Amino acid sequence: MSELLTREQYHAIASDLQLPTQSFIDGRFRPALSGKTLPTINPATGEVLTNIAACSAEDVDFAVNKARAAFDDGRWSSLHPGERKAVLLKLAELMEQNSRELAVLESLDSGKPVAECETVDVPETIHFIRWHAESTDKIYDQTAPVGSDAVAMVVREPIGVVGAVLPWNFPLLMLGWKLGPALAAGCTVVLKPAIQTSLTALRVAELAHEAGLPNGVLNVITGRGSEVGAAIGRHPDVDMVTFTGSTETGRLFLNYAAESNLKEVVLECGGKNPCIVLDDAEDLDAVAEHVVAAAFWNMGENCSAGSRLIVHENIKDALLERVCAHTREWRTGDPLDPANKLGALVDKGHFDKVVSYLNRGKEDGHTLLLGGELMEGNFVPPTIFDGVKNGDALAREEIFGPILVVITVASVEEAIAVANDTDYGLAASVFTANAKKALRAARAIRAGTVTVNCFGEGDATTPFGGYKQSGFGGRDNSLHAHDQYTQLKTVWIDLS
C-alpha cells in the first residue's frame with residue numbers, strides 16, 4: 001500500500017469519484033424494476049452522496065433466476081478449478097489497482113477513517129479473496145475405507161445459489177469473507193449490501209465482471225432489508241444464506257428458511273465481548289494499547305469489540321490510568337483526514353442509539369472516566385464508564401459504539417464467570433503472564449475466538465464465528481468456510 005495522502009488530497013479524490021447508482025445483475029448495471037431510488041448519505045456530513053436503486057422482491061426474483069441459470073448451465077461451477085482461481089486472482093489484482101478509489105469510497109459511504117480503509121479494510125479484503133482463490137485447486141475430495149469390494153468417494157459439490165447479506169460496519173471486508181469461499185467453491189451469488197453502505201459492493205461487482213466472472217455469477221441487489229433481505233431469505237431457489245449482522249435480524253433468516261425451502265443458513269451475529277486483564281499481566285502500557293484498540297477500533301462498530309473490560313482489582317487503577325492516556329490519542333473527526341482514528345457513526349439512527357446508552361450510563365450513576373460529550377454531527381468520542389456491574393444494561397446489551405465499560409473482579413474464577421455471563425459468545429481476550437492461567441481461561445470462556453495477550457480475530461487461516469447468540473451454522477474464514485458453500489456427496493461403486 002502506498003503512503004497515506006493529506007486530508008485535502010483525499011477530499012479531492014472524493015469529489016471526482018463516479019459513484020455507482022444501480023444494482024448489478026447478470027453482468028450489467030440495472031435500475032430497480034420499479035424505477036424507485038433511495039438516497040445514500042455521507043454520515044460525516046449528512047449530505048446525499050447519490051441515489052441508489054431501491055429494489056424489491058421482484059428484482060430479487062429476477063436476480064435469483066439469473067444466478068440459477070448461471071449455476072445450472074455450469075458456466076462457473078463446471079470450469080476447471082484453475083480457471084476459477086485465475087478469475088478470482090484477476091479480481092484481486094484489479095481491486096489492488098483501484099485500491100485508493102475503493103478506500104475513499106468506503107470511507108465516504110460508511111464514515112470509517114480513510115486511513116483504516118487504506119491500511120486494513122481494502123488490503124485485507126484483497127488478501128482474503130486471493131487466499132480463497134488459491135484454495136480453489138487445493139481442497140481434495142476423499143475416499144472412504146470400505147474394503148476391497150467397493151470404492152466410496154466423498155466429493156464436494158457447490159451448494160448452488162448463495163444469498164449473501166452484508167452488514168454496514170465492514171462492507172468490503174465482509175464482502176471478501178463471503179465471496180472468496182463462495183465463488184471458489186463454484187457457487188453463484190446474490191449479494192445484498194447494507195442500505196447505508198452499498199457503493200463498494202457495486203464497484204467490486206463491476207471489477208469482477210472485468211476480471212472475467214461470467215454473467216449471472218455475482219449479482220448485487222441494493223435496497224431495504226425488509227424488502228430485499230427478506231425476499232432473499234424466503235426465495236425458494238436460494239440454496240443457502242450467509243448473513244453477518246445483528247442477532248435480531250439473524251433470527252429472521254432462520255424463520256425465512258423455515259417458511260420457505262429449509263435453505264441452509266449461516267449466521268455471524270452480535271457480541272458483548274470480554275477483555276480480561278489479570279493481576280499478573282505484564283507491561284500494562286502495551287495491555288492498555290490493546291484494550292483501547294479492542295474497544296474503539298472502527299468507532300466500536302465491531303461485533304468482536306472488547307466492550308467489557310474485566311480487570312483485577314489489584315491492577316485496576318494502574319491499568320485505567322494508561323487506558324485513558326492511550327484513549328486520548330484516538331482523535332475523532334472527519335473520516336477523510338488520515339490523522340483521525342475515529343470517524344462518524346454510520347447514520348443518524350445509529351448515532352441516536354449510541355447516545356441513548358451514553359445517557360443511560362450517566363443516569364445509572366456509572367463513573368464517567370473519559371469522553372461522554374456530544375459533538376456536532378454523527379460523531380461520538382471514545383467514552384469509558386467505570387463502576388459497572390455485569391447485570392447493568394451497558395454491560396449486557398450490544399451498544400455497537402465507542403463506549404467501554406469497566407467491571408472489577410477479585411480472581412480469575414470471577415473474571416471467567418463474568419465473561420461467560422452473557423447471551424453472546426463471539427470473541428474474548430485474556431491478558432496474563434501465566435501460561436497455565438491463559439490456557440485454562442481460553443478453554444473455559446465460551447467464545448469462538450479467544451486471544452491471549454492481544455486483541456484480534458485471527459487471520460484468513462483461522463475460522464471466525466461464535467457461540468450462543470453470536471453465531472449459527474458455520475464459520476467465516478479458513479478452509480472451514482468452504483464447508484458451508486458445498487454439499488458432501490457419497491459415490492459408492494460396487495467392485496464385487
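A quick note: this is a predicted structure, and the numbers were derived from the prediction, not measured.
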Task: Student check: side-chain heavy atoms of Asn477 and Pro463 closer than 4.5 Å - done: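 When only atoms from C-beta onward are counted, Pro463 and Asn477 do not touch, as no gap falls below 4.5 Å.
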Task: Where Phe29 and Leu202 come nearest, the two heavy atoms and their spacing - done: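 Result for this residue pair: CZ-O, 3.8 Å.
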Open item on the list: Can you give me the closest heavy-atom contact between Gly111 and Met299, atom names plus distance?
Closed with: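 Minimum heavy-atom contact is O-CE, 3.8 Å.
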TODO: Go through the steps to decide whether Arg130 and Glu134 satisfy the test salt bridge (charged side-chain N to carboxylate O under 4.0 Å, His left out), and finish with yes or no.
DONE: CA-CA 6 Å; Arg130 280 203 173 109; Glu134 289 291 353; over 6 Å; no
Task: Separation between CG of Leu426 and OH of Tyr467, rounded to the nearest 0.5 Å - done: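 Result: 11.5 Å between the selected atoms.
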Task: Gap separating the OG1 atom of Thr50 from the CD atom of Gln22, nearest 0.5 angstrom - done: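 Between Thr50 OG1 and Gln22 CD, I get 10.0 Å after rounding to 0.5 Å.
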Open item on the list: Pairing donors with acceptors under 3.5 angstrom, does anything connect the side chains of Glu106 and Thr200?
Closed with: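 Side-chain D/A pair, Glu106 to Thr200: present.
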Open item on the list: Regarding Trp168 and Glu301, do their side chains bring together a donor and an acceptor under 3.5 Å, going by distance alone?
Closed with: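 Side-chain D/A pair, Trp168 to Glu301: absent.
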Open item on the list: Using salt bridge (charged side-chain N to carboxylate O under 4.0 Å, His left out), reason through Asp392 and Arg360 one step at a time and then give a plain yes or no.
Closed with: CA-CA 10 Å; Asp392 296 334; Arg360 177 75 179 269; over 6 Å; no
Open item on the list: Assess whether a salt bridge exists between Lys112 and Glu118, defined as any Lys/Arg side-chain N lying under 4.0 Å from an Asp/Glu carboxylate O.
Closed with: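 Salt bridge: no.
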Open item on the list: For Trp177 and Tyr485, I'd like to know if the aromatic rings sit close, meaning centre-to-centre distance below 6.0 Å.
Closed with: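 No, they do not, as the ring centres are separated by 6.0 Å or more.
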Task: Phe71-Trp76 aromatic ring centre distance below 6.0 Å - done: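 No, the ring centres sit 6.0 Å or more apart.
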Task: Pair listing, salt bridge (Lys or Arg N to Asp or Glu O under 4.0 Å) test, anchored in residues 245-260, at least two apart - done: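 Qualifying pairs: Arg234-Glu259.
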